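These numbers come from a predicted model, not from an experiment. Nothing fancy with the numbering, it's 1 onward along the sequence.
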Amino acid sequence: MTNTVERKIAVVVGHGMVGHRFVEALRSRDEAGTWQVIVLSEEKLPAYDRVGLSSYVGIWETSALALPGNEYEGDELVEVRLGVKADSIDKAARKVTTSTGDVIGYDALVLATGSYAFVPPVPGHDLEGNFVYRTLEDLDGIRAAAEAAGPGAVGVVVGGGLLGLEAANALRLLGMTPHVVEFAPRLMPVQVDEGGGAILESLVTELGLTVHTGVGTSAIEIVEGADLSERLKVTLSNEAELRAALVVFAAGVRPRDEIARTSGIEVGPRGGVITDLGMQTSDPNIYAIGEVAAVEGVCYGLVAPGYTTAEIVADRLLGGAGEFPGADLSTKLKLLGVDVASFGDAHGTTEGALSVVLHDAAKGTYAKLVVSDDAKTLLGGILVGDATQYSALRPLVGRPLPADPAALISPAGAELGADALPDDAQICSCNNVSKGAICGAIADGACDVPAIKSCTNAGTSCGGCVPMLKKLLEQSGVEVSKSLCEHFTQSRAELFHIVQSTGIRTFSGLIAKYGKGTGCDICKPTVASILASTSSEHILDGEQAALQDTNDHFLANLQKNGTYSVVPRMPGGEVTAEQLIVIGEVAKEFGLYVKVTGGQRIDLFGARVEQLPLIWKRLVDAGMESGHAYGKSLRTVKSCVGSTWCRYGQQDSVGMAVLLEKRYRGLRSPHKLKLAVSGCARECAEARGKDVGVIATEHGWNLYVGGNGGLTPKHAVLLAGDLDDETLIKYIDRYLMFYIRTADRLQRTAPWQEALEGGMDYLKAVVCDDSLGIADELEAAMAKHVDGYKDEWAAVLEDEGKLSRFVSFVNAPEESDPTIGFDDSGERKVPVLLGIPEIPVGVAADTASATNGK
């Protein structure tokens, strides 16, 4: 007899960040599959990162903001209806009528409608040229208006809070001159006080913003006959007038509770759907989560409490009794590159509260701690310009201070360690992760930050708690040794610096002066890679040849039966008919198995070691060279056909791919490198899965970095957008050389980026803004590599000494390895091992290594 599950229907109205979190939470916990979920999304895009809305500017690719798993692919219990709005609710019948006329019955209804942008009733607010800052569609409209007005045109932002400064930064990135109008006497009045606001205003003014505080907007008019860059006249309450191309309203948000109002569900006097602590509304079958929910009358406009409400409803639907624990309204932001953080009672409203302030106008920093009247308990704080102490201070709110409050914010004061925090202290407010949960994950084997993120979700949202995660690792006694191996106490990055600065060019010289012993299979190939990265010497020259692993030693990939594969380079996937004919002739003559790889190249399998030079000679004579499939170096630059052939292509992706592959061929690095260039946002080259991905836009190129395949695939992250050819290449030069210099042994770009102190903000500062002052040095190092490049196969063919290495047996160079064989009885030629006796377990490595000279 087959057991069937009686499923209930949960209808979710809204598919924003919180709605998506609810669906994820319910589906991950509902192991029995008791709930079928139907999501109604008024927007035509599935859930995306609305908090990171400004990052859309310059990319103009909606996929870049898409939340992971937002399409629930392969999950038959989730249905998302895009572009469909819930029009009405019949509470008695428990049915929802949609904008398409469908009527959907429900057992539970979850309102996740979020909020809408508030537009003050300014005369002229509805004229053409006025926008709000809420959705991707809003940003598309702002972009069109900005481009029509031309560079330097004025854009007025009404509202100087968090959203207003985000909007002003977007206008700045669009080439406009932003003016910010804030009715309060300072910027970000909710988060910062007068002193913090003064520093913030000074910092953003230096970045090109014009700030008008203490004034409102009286009227907006269209100026007939004026140029598009000055078509609007904005009159302020102090009678000042601004001529602008557009106006963006970013004066706050209001709960989208209209469907609740019209359906007879209780709403608050100031808006929002009234709920109890279990997120249940006045109707027991209807819940509200996120910004639309007024939990016991209070709406919360941050994503962290929104996620909490989503988790509570998921728990309730599965029989739990979760309740809203209250909200941490702390925020840590980077606005226009300026750190701003506030936490707890930031404004000192608690009776008897005292403030300790450090205001350094010269350095552009402001720090304030609010403490109890005996100065022993932390109540809150504000940090502007430098928020490095945020992750350590925020969890201490409401708890005894471990040191004098002034010392905690003074540059020369006390360092606040992780041991000062109790186990129940909340480290990650976005995902409600405590110190105890993180320490538990560390005790269970999470020995680095990426592992903690994977186990606990801490640090996966805003990233503000990552410095504290590192402190907890240190406190837990996890020692991550920087030593490369037992022979070198230095890290790979330190050895790279030593080689570069001392001019040492041999392994023996390096280990004699900076190491001990004779070396091992860890340090030898690592030093070989460093030596190759810092010069254009052939990897088989002199002492270096003995350092290489098997693949590099024979410039080919060793296969399971002792033969090798040969992969000629095809820059950007391009190959001539003549070269294809030569490849076919070589394969036929030497009896090789042929396969087209995923990197747009042709792999020739089954070559004996003594055949390698003969095969290379044929390929080199045809104008081909080593594809470096064997090395920790650039492998391929994949491309689509781009604007040359494709009707959707916006740039010449093949031409750029060929240019990049020829530029970086032979570049040795800590791990293999893969690049790709796509000619448009359709992404046929799969660039965002590569270490460096380039995607064409209407205005140039978007540059993505840190994408990896393998056991833990990672999408690349946008580094810069709409770049011209010269800037694109300059940034890639810097990025690759910075990676080569600082990454650990065998560390791919994705984990390297995750481990960087400061993350992507730091990487962008180094690569794009030259914050370390090393850009010229990195570019010069790459130029040296480009100028010194020579094909490794061709160099072997020109050197009798190197050619003598390519034999199966050192003591019998004329003989072939008799253990190599093939089975070609089927449709494919496959390798087999011949005449090898069974090797007892435990001696396999020693016996196998003695069979030949490899």
Side-chain angles (χ1 to χ4, degrees), residues 48-65 117 129 131-181 187-188 200 203-211 228-229 244-250 333-340 650 681 694-705 717-724 726-728 730-731 759-771:
Y48 59 85
D49 182 7
R50 201 183 302 277
V51 174
L53 192 64
S54 295
S55 63
Y56 181 56
V57 178
I59 316 173
W60 306 117
E61 292 178 18
T62 57
S63 60
L65 274 73
F131 300 89
V132 294
Y133 194 80
R134 191 65 183 156
T135 67
L136 294 176
E137 189 175 353
D138 294 332
L139 274 174
D140 287 335
I142 293 170
R143 176 194 186 191
E147 290 177 348
V154 170
V156 175
V157 177
V158 179
L162 164 62
L163 197 62
L165 292 182
E166 289 275 9
N169 189 41
L171 297 186
R172 188 174 70 103
L173 294 173
L174 286 167
M176 303 193 76
T177 303
H179 283 245
V180 178
V181 180
L187 295 174
M188 293 188 68
L200 178 59
L203 293 173
V204 300
T205 299
E206 291 177 5
L207 294 171
L209 271 65
T210 301
V211 178
L228 285 176
S229 63
L246 56 85
V247 174
V248 178
F249 287 98
L333 315 157
K334 187 176 283 289
L335 299 166
L336 298 97
V338 178
D339 281 338
V340 180
Q650 294 183 308
V694 180
I695 301 177
T697 71
E698 182 182 353
H699 304 287
W701 306 98
N702 284 344
L703 174 58
Y704 293 84
V705 293
V717 181
L718 182 75
L719 185 69
D722 285 341
L723 305 176
D724 57 36
E726 181 181 355
T727 305
L728 173 70
K730 180 169 63 176
Y731 284 0
M760 281 302 297
D761 288 336
Y762 171 72
L763 186 61
K764 288 178 182 178
V766 172
V767 173
C768 304
D769 303 327
D770 192 20
S771 61

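- Partners of T210 under the side chain to side chain donor-acceptor pair (under 3.5 Å) rule, at least two apart in sequence or in another chain, do not exist in this structure.
- Remark: T697 OG1 to Q650 CD distance equals 6.5 Å, nearest 0.5 Å.
- No side-chain heavy atom of L209 sits less than 4.5 Å from a side-chain heavy atom of V157.
- Atom CG in L200 sits 11.0 Å away from atom CG in D339 (nearest 0.5 Å).
- Checked by atom type and distance alone, the side chain of T177 pairs as donor or acceptor with a backbone atom of G152 at under 3.5 Å.
- With rounding to the nearest 0.5 Å, the separation of CG in L171 from CG in L246 is 6.0 Å.
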message = Could you go through V705 and V767, starting from their C-alpha distance and side-chain angles, then the distance that decides it, and tell me whether this counts as side chain to side chain contact (heavy atoms under 4.5 Å, CB included)?
response = CA-CA 11 Å; V705 293; V767 173; over 6 Å; no

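- The distance from the CG atom of N169 to the CG atom of L173 is 4.5 Å, given to the nearest 0.5 Å.
- By the ring pair (Phe, Tyr, Trp, His ring centres under 6.0 Å) test, Y731 pairs with no residue at all, sequence neighbours left out.
- Between N702 and L723 the shortest side-chain heavy-atom distance does not fall below 4.5 Å.
- You'll find the side chain of T727 stays beyond 4.5 Å of the side chain of W701, heavy atoms only.
- Between D769 and K764, the closest side-chain pair of non-hydrogen atoms is not below 4.5 Å.
- Judged by distance alone, the side chains of S54 and Y133 do bring a donor and an acceptor atom under 3.5 Å apart.
- Separating the CD atom in E698 from the CH2 atom in W60 is a distance of 11.0 Å, to the nearest 0.5 Å.
- Here the CZ atom belonging to R143 is positioned 12.0 Å from the CG atom belonging to L136, to the nearest 0.5 angstrom.
- Between V340 and M188 the shortest side-chain heavy-atom distance falls below 4.5 Å.
- Contact of the Y56 side chain with the D49 side chain is not registered, since no non-hydrogen atoms from C-beta on lie closer than 4.5 Å.
- In terms of modelled atom types and a separation under 3.5 Å, the side chain of R50 and the main chain of R134 share a donor-acceptor contact.
- Side-chain contact check for L139 versus F131: every heavy-atom pair is 4.5 Å or farther apart.
- Not counting sequence neighbours, E137 has no partner by the salt bridge (charged side-chain N to carboxylate O under 4.0 Å, His left out) test.
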